[in-house]
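The next block holds one structure in the form of structure tokens; read it before the comments.
Positions are given from 1 along the sequence. All values below were derived from every heavy atom in this structure, side-chain atoms included, with hydrogens, water molecules and symmetry-related copies excluded.
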Amino acid sequence: MCRAAGAPPRILPPLALLLLAALQQAPIKAACEDMLCKTGFPEDVHSAVVSRSVHGGQPLLNVRFQSCDGNKKIHFGSSEPEDFRIDEDGVVYAERSFQLSAEPTEFVVSAQDKETREEWQMRVKLTPEPAFTGATEKDQKKTEEIIFPWQQYKHSSHLKRQKRDWVIPPINLPENSRGPFPQELVRIRSDRDKSLSLRYSVTGPGADQPPTGIFIINPISGQLSVTKPLDREQIASFHLRAHAVDVNGNQVENPIDIVINVIDMNDNRPEFLHQVWNGTVPEGSKPGTYVMTVTAIDADDPNAQNGMLRYRILSQAPSSPSPNMFTINNETGDIITVAAGLDREKVQQYTLIIQATDMEGNPTYGLSNTATAVITVTDVNDNPPEFTAMTFYGEVPENRVDVIVANLTVTDKDQPHTPAWNAMYRMTGGDPEGLFTILTDPNSNDGLVTVVKPIDFEKNRMFVLTVAAENQVPLAKGIQHPPQSTATVSITVIDVNESPYFVPNPKLVRQEEGLLAGSVLTTFTAQDPDRYMQQTSLRYSKLSDPANWLKIDPINGQITTTAVLDRESIYVQNNVYNATFLASDNGIPPMSGTGTLQIHLLDINDNAPQVNPKEATTCETLQPNAINITAVDPDIDPNAGPFAFELPDTPPSIKRNWTIVRISGDHAQLSLRIRFLEAGIYDVPIVITDSGNPHASSTSVLKVKVCQCDINGDCTDVDRIVGAGLGTGAIIAILLCIIILLILVLMFVVWMKRRDKERQAKQLLIDPEDDVRDNILKYDEEGGGEEDQDYDLSQLQQPDTVEPDAIKPVGIRRLDERPIHAEPQYPVRSAAPHPGDIGDFINEGLKAADNDPTAPPYDSLLVFDYEGSGSTAGSLSSLNSSSSGGEQDYDYLNDWGPRFKKLADMYGGGDD
């Protein structure tokens, strides 16, 4: 038997009654079963009570279909497939999550035989269960009992299990329960627990799956309990599965599904998606204009009163022109205007405090929260631009372009730097030629009247323009342009000194070449456009005359030639010679204009034709020996070709050895008349005559090199002929090249010798500053003592100039001279001072030598061994210092510096 103890009668389906009857009257039913069996649904309408909140995938009920033939394959369908799905076992699942309305929800369940296509239908009516009001103390003590179902199969007297014979209604449990915990929910029991020792367990999220430990079951009694408060905002429902096994772990019952719905409590306050909302509305908007939408969310169940929000406006700032300029849809949060009078020029922004309250706005039980809505009134073009003056004035010099002549100022109350504020200017009259345009300054919105075409003072001295101002966007509906949107602009043209201009320019003159110098060619004059200025006549001058053929009279502009005009000149291009002249006035400032004179030179026959090329080569035999020549004439038709070619009568050898034949108007062929001509260079004169009237002819000399040729007609002795043909000029050029080369070689040798001498002279000269011996160590005699006071100090400056090393006896060398071997580097001493300070110089050198322990002996003033010949001093070898050494006091050696420290230690210090 399958039922829920203590539950309403709706939980026990008709199948349970059938099972109960089957237990009592099994023999009778077995005998009559075949007579009562009818395939199809057992009822036409099936009613079921389910929770108000339905979740996707939630099992709702089980539809029963009776098949007399156990082999039939039945397919179930739903008339609302987007809401309900029916499995093959007849369990109806919710396809999506939705909220049942107060009225019953109906849909049709169909069953179709897959083989015969026979179809049966049943109408299902779902009624939402009443809202949870809390359990009484009596109900809390009474625990619902769920028993695993049984069913008897046809042709069998035994009871067998059937999977999901009916569906356990969901268990509703409020969130945030205060306990005590664990709190008993329901008891799971099997009818076989009387004969077997069973163990019960539950699986699924909340039991043995995360979050684990929320639901527990007593394995002996099957008591299902919750261990802690639930939170619907985290998990709205739990789907558990109950199991019953024996002590050996063998399953004795098919698992049953248990759905636990968490009932929502109003424990969450509404929260706006943004704390500050920004919206815009055009000024002048009519009531009912949509502005913006504010949205708040509530974590509670949105399908219950706990999550149903209502909006309202708490305050509006400023309250001008009305304290209720806006309203809000209490369900959707849409803000709209409810009053007219939005004017951006008066109020640019409104601030609204919006409140959202759950429990459908119940001020007593609902929770509330607030947000700020900032509404900016946007500008529309409801204010036209207006000129600050009715007439503006300006002036412009003539012939000036891109000059701003006047500033047009306007005022506009609309928002600056918007299309409703930006002004555009157009001229409605006074400028038929399009001489002016008006640009808009983007920063100041001023109109800049600008000249775009040159204005001639002599034609127009003043302009009066009519100007209109308008915005980039049209004015709002119902707004008209006032008279202040139109103004006039008076522009005065200032006369300036303009440049003279030649008429015509350029001027073309046709003239035959060969015009002699001093001939009048033409008159080229200019005009001054300044008719209202007091100026003298223009003066003319020449600006460009490449060939220097022309001159112009500075007063009347008459042009005469200064040389013969030649069409063949390099300065003539396409028979045209160009010269440029200048016309200047005496205005303030002086102005000038240029004009070009083009002289088209007509050709005359003033050039005789010439032969081309000037040199040719041919073989000394008759064949092949033809030379092609061309006649060249600087003139043009009809003074050029066709040309006539002939050989002169003198000398007679020309016609005897050569012959010429014209092959075209410009070309002819020169060839040998005789069979053989000795190799060499021959000058062949050729007379060429053109077709001009009168004819012009000339005798051109063609230098022909006759040589020996091979079978191909190529010369084989060109080198010999060329060598034999060297003229005097070539020989002189070769000699000049050789002489120049010899001069260059000689100059190089002299320069090398001079450099060697300079190098030797530098080695002989010793700079006193480079003398490391301080210029006082080289000497040959000491003088006569104190009585000899007349001595030359220059001997101490450069001792090398007194006695060169070359005159010293061989093998004699002073000990105080610089040794030849490598020397160490010593401290640099100061150069020799002025001769008057020689005493100080000697003392400084002495101190430097005393303080330098590494200085060699030659750096001391006291070391010498050769004083020169002829000394009047006697020999010191007879002195016996040892006899008197003990009587002398050598302690003064300690005062002589580190150089004498060794001697002081040896002789000084008394007996020690």
Is a side-chain N or O of [X] found less than 3.5 angstrom from the main chain of [Y], in a donor-acceptor match?
| X | Y | result |
| --- | --- | --- |
| Ser485 | Pro385 | yes |
| Gln415 | His417 | no |
| Arg344 | Asp379 | no |
| Asn407 | Leu448 | no |
| Lys413 | Trp421 | no |
| Asn471 | Asn422 | yes |

ring-ring contact (aromatic ring centres under 6.0 Å, His included) involving His274 - partner list, sequence neighbours excluded:
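If we apply the ring-ring contact (aromatic ring centres under 6.0 Å, His included) test to His274, skipping adjacent residues, the hits are Trp277.
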Note to self: Taking ring-ring contact (aromatic ring centres under 6.0 Å, His included) as the definition, give me every residue that meets it alongside Phe272, ordered by chain and number, with sequence neighbours left out.
What the structure shows: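 With sequence neighbours excluded, Phe272 shows a ring-ring contact (aromatic ring centres under 6.0 Å, His included) to no residue whatsoever.
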Could you tell me the separation between the [atom1] atom of [X] and the [atom2] atom of [Y], rounded to the nearest 0.5 Å?
| X | Y | atom1 | atom2 | result |
| --- | --- | --- | --- | --- |
| Leu408 | Thr440 | CG | OG1 | 9.5 Å |
| Asp358 | Asn362 | CG | CG | 9.0 Å |
| Asp666 | Ile688 | CG | CD1 | 10.0 Å |
| Tyr290 | Ile336 | OH | CD1 | 10.5 Å |
| Gln484 | Phe387 | CD | CZ | 11.0 Å |
| Asn612 | His667 | CG | NE2 | 10.0 Å |

Does [X], at its [atom1] atom, have more than 12 non-hydrogen atoms belonging to other residues, nucleotides or ligands within less than 6.0 Å?
| X | atom1 | result |
| --- | --- | --- |
| Tyr501 | OH | yes |
| Lys614 | NZ | yes |
| Arg96 | CZ | yes |
| Glu568 | CD | yes |
| Gln480 | CD | no |

Which pairs count as salt bridge (charged side-chain N to carboxylate O under 4.0 Å, His left out) when at least one residue sits in [range], sequence neighbours excluded?
| range | value |
| --- | --- |
| residues 467-491 | Arg426-Glu470 |
| residues 291-302 | none |
| residues 499-520 | none |
| residues 593-610 | Arg567-Asp603 |

Could you tell me whether the side chains of [X] and [Y] share a donor-acceptor contact shorter than 3.5 Å?
| X | Y | value |
| --- | --- | --- |
| Thr391 | Thr488 | yes |
| Asn324 | Ser322 | no |
| Thr580 | Ser544 | no |
| Asn548 | Lys542 | yes |
| Asp412 | Asn445 | no |
| Thr409 | Asp446 | no |

Nearest atoms (heavy-atom pairs only) where [X] meets [Y]:
| X | Y | value |
| --- | --- | --- |
| Ala696 | Pro609 | O-CD, 3.5 Å |
| Ser519 | Leu516 | OG-O, 2.9 Å |
| Pro642 | Arg662 | CB-NH1, 4.0 Å |
| Leu465 | Met427 | CD1-SD, 3.7 Å |
| Ala640 | Asp637 | CB-OD1, 3.9 Å |
| Pro546 | Asn578 | CD-O, 3.6 Å |

All side-chain contact (heavy atoms from CB on, under 4.5 Å) counterparts of Gln511, not counting sequence neighbours: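 Partners of Gln511 under the side-chain contact (heavy atoms from CB on, under 4.5 Å) test: Leu515, Leu521, Leu565, Ile599.
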- Report the C-alpha separation of Glu615 and Leu702 in whole Å, then their side-chain angles, then the decisive distance to 0.1 Å, and conclude whether the side-chain contact (heavy atoms from CB on, under 4.5 Å) test is met. CA-CA 6 Å; Glu615 297 181 356; Leu702 177 64; 5.6 Å; no
Pairs in or reaching into [range]: which pass ring-ring contact (aromatic ring centres under 6.0 Å, His included), with residues at least two apart or in two chains?
| range | value |
| --- | --- |
| residues 563-584 | Trp549-Tyr577 |
| residues 311-354 | Phe326-Tyr350 |
| residues 459-498 | Phe436-Phe463 |

Once salt bridge (Lys or Arg N to Asp or Glu O under 4.0 Å) is applied, do any residues pair with Glu331, and if so which ones, sequence neighbours excluded?
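Per chain and number, Glu331 pairs via salt bridge (Lys or Arg N to Asp or Glu O under 4.0 Å) with Arg310.
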key: Results of salt bridge (Lys or Arg N to Asp or Glu O under 4.0 Å) for Asp635 - residues two or more places apart only   =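 Counting only residues at least two positions away or on another chain, Asp635 forms no salt bridge (Lys or Arg N to Asp or Glu O under 4.0 Å).
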Item to complete: In sequence, state the C-alpha distance, the side-chain angles, and the governing distance for Thr370 and Gln355, and then conclude on side chain to side chain donor-acceptor pair (under 3.5 Å).
Response: CA-CA 4 Å; Thr370 60; Gln355 183 186 58; over 6 Å; no
side-chain contact (heavy atoms from CB on, under 4.5 Å) assessment of Val467 paired with Thr428
CA-CA 6 Å; Val467 180; Thr428 58; over 6 Å; no
Only one of Val451, Thr492, Ile494 passes side chain to side chain contact (heavy atoms under 4.5 Å, CB included) with Val396; say which it is.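 Going through the options one by one, the only one that passes is Val451.
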- [ ] With side-chain contact (heavy atoms from CB on, under 4.5 Å) as the test, would you mind laying out the steps for Val281 and Thr337 before giving the verdict?
- [x] CA-CA 9 Å; Val281 60; Thr337 60; 4.1 Å; yes
side-chain contact (heavy atoms from CB on, under 4.5 Å) between Tyr540 and Phe524: does it pass, once the steps are laid out? CA-CA 9 Å; Tyr540 303 94; Phe524 197 20; over 6 Å; no
